[in-house]
Every structure is written in structure tokens, then in C-alpha cells.
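Written below as C-alpha cells is the structure these notes are about.
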Amino acid sequence: MKRLGLILISLFMVLSCAACGQTKEETKKAELKFTAGSYTASAQGYNGEVSIEATFSENAITDIQVQEQKETAHVGDVAYPILIEDILAANGTGVDVVSGATFTSIALKNAVNAAAEAAGASDLDAFKKNTVEHAAQEEITGTWDVVIVGAGGAGMMAAAQAAQNGDTVLVLEKNAEMGGNTLVSGGAYQSTFDAVVWDPANPDATTGEYNGETYEKVKNDAGRIDTLKTILNWSEEPFDGTIDDEHPFVAGDIALNAVRGVHEEYLPTLKALKEEIRAYLDWAQPQLDAGVHETKLTLFSTINLHIFQTYYGGLRPNRENTEWIYGDEKLVRQFVEGGQEIKDWLEAQGASIDQSRAYTLIGCLWQRENAVNGGTVDGEFYEGKWGGYFAVPANTVLKANEANKIMTRTTANELITDESGRVTGVKATQFDGTPVTVMANKGVILATGGYGANIEMVQKTNDYWKDEFIANNIGTTNRSSLKGDGTTMGQAVGAATIGEGWTQMMPLGWVDNGNLAGGAGENVIYVNPETGKRYVDESAERDVLSEGGFENGMSEAKAKELGLKYVPGIYVEISNVGTTAGTGGFNNIPEDVEGRMIFRTVEETAELIGCDAETLRQTILDYDNYVMGVADTLDVEKLSYRGTVGQVEMDDEGNYLPDTYKLDMIRVRFLAPSTHHTMGGLRVDTDRRVLNENGEAIKGLYAAGEVTGGFHSGNRLGGNAITEIIVSGRIAGNSASNEK
């Protein structure tokens, strides 16, 4: 399979030790004997088994071929060529793992060990210890206009913008390839697209135009009108954060927050949004009164709605109920409005963005997700997040000026400051110990991501979740390299932080490794494994769903009985057998995936998870009848929904035909909350200048993406991160360019 990093290795891995032939110092290795030949073996990786064929001579391993693997492209699979070279040189597997690809590295080493055992290694323990040490080279130094720490989404957007501005750019990345946490995210970004939503100037339009293209208008999911009416009745009084028996806080219950009022800075947005909603309802309500279902009406979506939902979706108290947090209105408005430029800016560089569907993902609260199809570089198309968010901006950076570099496997350790306190450069270390000291004429941009993989740091900063929820063995959707480096470096030069107490949990974590399972909440139900009943609005925010899992998860004994790795909050998700299963190559495949997903009858599922079969069947029937419009109420309210768990036919106009309904096979996934997004971080202003405790900008220092705080506050809407990192990256790139 063609991959940009391999095709253009001289371009994309400049100054990476993998590309510039660093020397190896061989340590004293044990002499070994093998039965010559080729042997196959496999071991469990991050997404599945890694299968190899290893060839041995009478005294050495001479070749390793990866035959089958499911590791994430440009994240896990980058470990293979690096490790294989080291293992062959070492004649053993005692070599270091590749940063950011730990699980894949371990899988490859375990598979090679199994092959060595099959080859009759004379001393398998010695084989596992044999290693090589990479010799540190002469210090790398240099000066660029802008130095960026981190080659994830925010870093590469900052780099592309600075390069477009004519600056020389250096990007430092600790992993073996650019991509950061963005490559293990869902990749969708939230931004309303006027061409596919209701147009007050042409309310009955069924299509819209954008840049000469015609788009079909998107229809509402069920339940959207009720949410708009709740917002329309939102109190305009100053926000009252009182929490007592008469004024409880229930995460996700917007009706309770609506009576509390609104913070002053969001009042103009609320008033403007109400006017937009009134205009829409003036058009929609007569049709609703005439019997037209809301799912036949064009979707309402505006920038003001996005801003206000980001506000109330993140409005949360701490666990002591002594402090409320919400997003900085200026920062929120800036990234939401800036999201309108993402499509044009990236597509001008070669990306392909799909804004036609306005779909949902878990915890996004509205239909405004947009997908990246990929990107084209020099006539070659590269799919998905890698192509659109990395191949394309990297091409912009590296072709803008021959001085521009992307330096991989290089970990930044320290910011350099001058006597005035201005940040002037970065000290770093390459994987082999080579020191790196680079200077920035204009500015340094921190884009290192959060610290979701640093469970100790999550636990230490936590002021939202019960301590027992963030157990030592909790999973994470993050890459292993997300340890909080940027926060630590920023604080060392006086940077202030904000909002670190509210780490987001991702409810859709696979139980075996915490990896992101993917999916939405509108077309699934979550059931308590003991009662067989729903317990939460599945379309609600991520913290609501995660807390529901913690409170309604299965016992450790039941998890072990099912052969599941136990972590806090394992819950049961049930859906139609045709529901898209998310990442990992499991889409629409009606086969079990060990330790993660099964396809069973209702009765078989009930017996397996330990609930009453009739209760579970009735739970599903009640839900499906509500979705089909046969029933008017649900035991647990759901604000937005679509699709039944059972199988049912629809007529040509998309109406359910209840007489065709049947409930046979269902899809069951075993999921648990994982640490996902550290919404707190370095405090920044609208120029993405990093601020100190006095609110003053630290000269020469900027930050973008998850390393910063002030945007998502107590809970992040799904898809807002990608919007924010792209917009903030561009702002930081522009601000650094304008540094005087």
C-alpha cells in the first residue's frame, strides 16, 4: 500500500533519524543458534493480531515480513520498518519500542519471539535481551522563523499557515510520523453548512448552492424541534448557579439549566438565536400542526446555535458544587465562526471535505458533522484524515521553502527564554540521544496535545469525576505519547492553566484496550446488564453517557464470566445488526469480535449478560415503537433519535411500516468510558498567545489545540475538537508570523 511517508521519505522525514542513517552501537550480544528456515507467528496488537513470517539462519534472524495486520495507519504501522531494522541488527527483541506506537511495537516483538521459539532458539531469554544502542550524533542546531512543537492536527495547521505567510518553519514531533492524536480521533469536525440547512430567505428550498455545486437539504432527526423550543424559552435572567434540593444539577438536562438563566456574555447570542428559531418555527409549526413529521422538515442549524450549544453543553459545576465552568465566549465564537473557512482553506491545498450530510457522532448534540475524504498531493490521492489533515498541509509546508523541516522522533524538553523572559527557542532530544537546540526568530507554538494517556496527571487534576471512576486501569483513547509535555513546558516559563479539573471521558471505548469504538447515540440504546432496561438518553453529552456507564456498568464477576477485560463502567450497547460499528474494520460485519462485539438473539443476549429476557425484549419494543411513532412516551426520555433496533421496512417516503417489524438478531457491543480529551490546559487569548497568571502574554509563545483550555470547559461536544484545532492552529500560525 502506498503511503506518503514512504513515497516521499526524503521530503517528509527530513532530519528524522530513521531517514538520515544514524549509526548503531552494538552491545555485547549473546551467541545464538536456530534451526534455519522460515516460521510464521502472531501476537495481539492494538486493533487485532499482527502476523509475521521470520526467517532464521543457523545463528541469526535474517528477515521479518509483516503478513497481516490491522494497526492504525501512520500511527501503529510506522513501528514496523524501524523495529525490524533494529531487531535484525540486534539479533533479538530487546530493542526499544517506537514512541506513540507502543502496542504495535510490543505485538511485533512478541510475534518475533514466538517465531524464534518455533525456530528452536538456543537461548530464548537471551534473544529477548539482545539489543542495539543508537549512538547520539553531533548536536543539531538551527534557526527558523517559527518553531512548532507537535505535528498533530493543530501543529500542522499552524505550520501550513505560517508557511503560507512566507515564514520558515520547523516542526518537532516526538512520534515516528506526524499525525498526533488527530489520527486516532473520529476526524469529523462540527460546523454548520448553509447549503444543506434551512434558509430563511428561501424556506421551502430542497437544495442549496455553494461554490457552483448543488447540495440536497438535510432533514431533521426526530426530537430537534423540542430542543429548539426549550432554547426559545431559555431564561434571559443572569445565570444562577445555586445547587440545592430545589435547584438540582443534572448533567445533560438542558431544561434545568434553561431556568437558571444565562451568563452575560452569552446573552446576545441567545437573543439572536431566539430570533432565528422563531423564524424557523413560524415556517415549521403550521406544517407540524397539519401532521407533517419533523423528520420531513429541513434541518435548522446556525452559527449561533453552535455557539450556544457549545456553551450549555460545557456548562458544568465541579464535584463539590462550589465552582461552575463554561467556555470563554470570545474563544468559542472565534473557533465556531472560523470553522466556516475550513473547507475552502484545506481544499485550496488539495484536501477533499464532505459537508453534504450534516451527520452526528457521539455527544455532538446536533447534526453538523463534516467528514474529510482525503487529500491529493502531486496527483496522488491519500485517503481520510491522513490525506486531508496531514499529507496536504505537510506538502504546503515543505514545498513553500526548502528550509522548512518536519523533524520526527524528537521530543521537546524545554523552552529557551532570553533575559527578558521572551521565548526564543526549544531544546529537544532525538530518540538516540542526539541533542537538538533550535531558535525561533518570531515565535514558538506549542501544539503537543493533552495528557489523556497520563492517568496519574488526570487523577491529580480531577475535580469533576468520582475518584473511583478514574481507576488506575481505566482505558484511554489517546496515543501513549500524550503525557502533557506542552503543559509542563509552558508552566516552566510561567504559563497559567485553566479548566484542568474536567477531563472528558469517551463513553465509546472498547473494553479490551480503551481504543475509540466510534458511533452515535441517536440510533442505539444502552441497557443495564442486570435490569435489561435503558438508563440514559443516548443522544446526550459524553459526560452524561460516561457517568451512566459508571453507575450502570456490569460487575467485575460478570465481566470475567463473559471473558471481558474488566475496567470501571462496562456497559451494554444494543442496536440494529446493520448499524455501523465504527472504527477497526468491523463495519456491518455480522460476526462476533472477541471481547468487544457479538450478534445474538434477544433471548441469547439476556442470558449472556444476566437479565430477564422478557424485560430486555420489552425495553427494545418500547423504544422501537416510540421511534416508529406507535407509542408516545419513553421511560427514559431521548432528545433525538433515528432508526430502530429491530428490523422494519419503510415506504418510498421514508415512513415506518410497523406491520413489517420483527425483532430477531441484534448487535451488542461491550464498551466502557476511557480518558479522551483533557479540556483544560494553557490559558490563551484570541491570538493564541500563552498567558501568565496575571493575564499577560508571554512574549514569543503561542499554543493551539488540546494543550490549551478555555474552549470546551466542563464537557466537549463531539467534533468540536477538530474544528478548534484547525482554526486555532491557523490563528497561532498567523500570530507568530506577525510577532514583532
Q. For T360 and A520, which heavy atoms make the closest approach, and how far apart are they?
A. OG1-CB, 3.7 Å

**Q.** Heavy-atom pair with the smallest gap, counting every atom of N130 and A90
**A.** CB-O, 3.3 Å

Q: State whether the side chain of T396 and the backbone N or O of A160 hold a donor-acceptor pair below 3.5 Å, judged by distance alone.
A: no

Q: Classify the ring geometry between F56 and F127 as parallel (under 30°), tilted (30 to 60°) or perpendicular (over 60°).
A: tilted

Q: Indicate yes or no for a side-chain donor-acceptor contact from Y189 to the backbone of I725 under 3.5 Å, with no hydrogens or angles considered.
A: no

**Q.** Partners passing side-chain hydrogen bond (donor to acceptor under 3.5 Å, both in side chains) against N59 (at least two apart in sequence or in another chain)
**A.** S57

Q.
Between T678 and M457, is there a side-chain heavy-atom distance shorter than 4.5 Å?
A. no

(Q) Working note: D592 + I598, criterion side-chain contact (heavy atoms from CB on, under 4.5 Å); need CA distance, chi angles, decisive distance, verdict. (A) CA-CA 4 Å; D592 291 356; I598 59 174; 3.6 Å; yes

Q: List for me each residue that meets side chain to side chain contact (heavy atoms under 4.5 Å, CB included) alongside K558, sequence neighbours excluded, and say none if there are none.
A: M554, S555, E561, L562

Q: Look at the side chain of T131 and the backbone N and O of G94, then say whether any donor-acceptor pair between them is shorter than 3.5 Å.
A: yes

Q: Could you tell me whether the side chain of L346 reaches within less than 4.5 Å of the side chain of Y389, counting heavy atoms only?
A: yes

Q) So with a 6.0 Å cut-off around CD of E138, is the heavy-atom count from everything else above 12? A) no

Q) With no hydrogens and no angle check, is any side-chain donor or acceptor of K109 less than 3.5 Å from a backbone partner on T93? A) yes

Q.
Could you check whether atom CD of E53 has more than 12 heavy atoms from other residues, nucleotides or ligands sitting under 6.0 Å from it?
A. yes

(Q) Test side-chain contact (heavy atoms from CB on, under 4.5 Å) on T182 and M156; report intermediate values, then the result. (A) CA-CA 11 Å; T182 305; M156 291 311 300; over 6 Å; no

Q) What residues form a side-chain hydrogen bond (donor to acceptor under 3.5 Å, both in side chains) with S38, not counting sequence neighbours? A) T55

Q: Using side chain to side chain contact (heavy atoms under 4.5 Å, CB included) as the criterion, list what pairs up with A471, not counting sequence neighbours.
A: N473, P568

Q: Let me know which of T410, T411, D485 forms a side-chain hydrogen bond (donor to acceptor under 3.5 Å, both in side chains) with K174.
A: D485

Q. Which atoms form the tightest heavy-atom contact between W510 and F670, and what is the distance?
A. CE3-O, 4.1 Å

Q. Without hydrogens or angle criteria, can the side chains of Q459 and N472 be said to hold a donor-acceptor pair below 3.5 Å?
A. yes

Q. Should we say atom CD of E607 is surrounded by more than 12 heavy atoms from elsewhere, each under 6.0 Å from it?
A. no

Q) Hey, is the main chain of V602 close enough, under 3.5 Å, to the side chain of E604 for a donor-acceptor pair? A) no

Q) So, for V97 and S105, which heavy atoms are closest and what is the spacing to 0.1 Å? A) CB-CB, 3.6 Å

Q.
Taking G475's backbone N and O only, do any of them form a donor-acceptor pair with N513's side chain (distance below 3.5 Å, no angle check)?
A. no

Q. Between Y359 and A188, which heavy-atom pair has the shortest distance, and what is it?
A. OH-CB, 3.2 Å

(Q) Return the OH to OH distance between Y526 and Y571, rounded to the nearest 0.5 Å. (A) 4.0 Å

Q | Worked verdict on R542 versus H677 for side chain to side chain donor-acceptor pair (under 3.5 Å) | A | CA-CA 11 Å; R542 292 175 176 181; H677 192 99; over 6 Å; no

Q) Does the side chain of Y80 pick up a donor-acceptor pair with the side chain of E71 at under 3.5 Å? A) no

Q) In terms of side-chain heavy atoms, does N47 have a donor or acceptor partner in N515 at a distance below 3.5 Å? A) yes

(Q) For a side-chain contact (heavy atoms from CB on, under 4.5 Å) check, start with the C-alpha distance between V511 and K565, then their side-chain angles and the critical distance, and finish with the verdict. (A) CA-CA 6 Å; V511 297; K565 174 187 175 183; 5.5 Å; no

Q: Please check if the side chain of N552 supplies one atom and the backbone of G549 the other of a donor-acceptor pair under 3.5 Å.
A: no

Q | Residues H134 and D86: side-chain donor-acceptor under 3.5 angstrom | A | yes

Q) Looking at CD of Q430 and CD of E139, how far apart are the two atoms once the value is rounded to the nearest 0.5 Å? A) 11.0 Å

Q. Does any N or O in the side chain of E49 come within less than 3.5 Å of the main-chain N or O of S42, such that one atom is a donor and the other an acceptor?
A. no

Q) Which is it for N175 and E173 under the side chain to side chain donor-acceptor pair (under 3.5 Å) test, yes or no, and what are the steps along the way? A) CA-CA 6 Å; N175 294 314; E173 171 56 47; 3.0 Å; yes

Q) Can you list the steps and then say if Y39 with F34 is a side-chain contact (heavy atoms from CB on, under 4.5 Å)? A) CA-CA 11 Å; Y39 302 85; F34 305 92; over 6 Å; no

**Q.** Side-chain donor/acceptor of K483 to backbone N/O of A453, under 3.5 Å
**A.** yes

Q.
Can a donor-acceptor pair be found, under 3.5 Å and without considering hydrogens, that links the side chain of E177 to the backbone of T408?
A. no

Q. With E117, which residues qualify under salt bridge (charged side-chain N to carboxylate O under 4.0 Å, His left out), at least two apart?
A. none

Q. Are D432 and R409 within salt-bridge range, i.e. N to O under 4.0 Å?
A. no

Q.
The criterion is salt bridge (charged side-chain N to carboxylate O under 4.0 Å, His left out); which residues satisfy it with E573, sequence neighbours excluded?
A. R667, R669

Q. Atom OG1 of T477 and atom CG of N181: how far apart are they, to the nearest 0.5 Å?
A. 6.5 Å

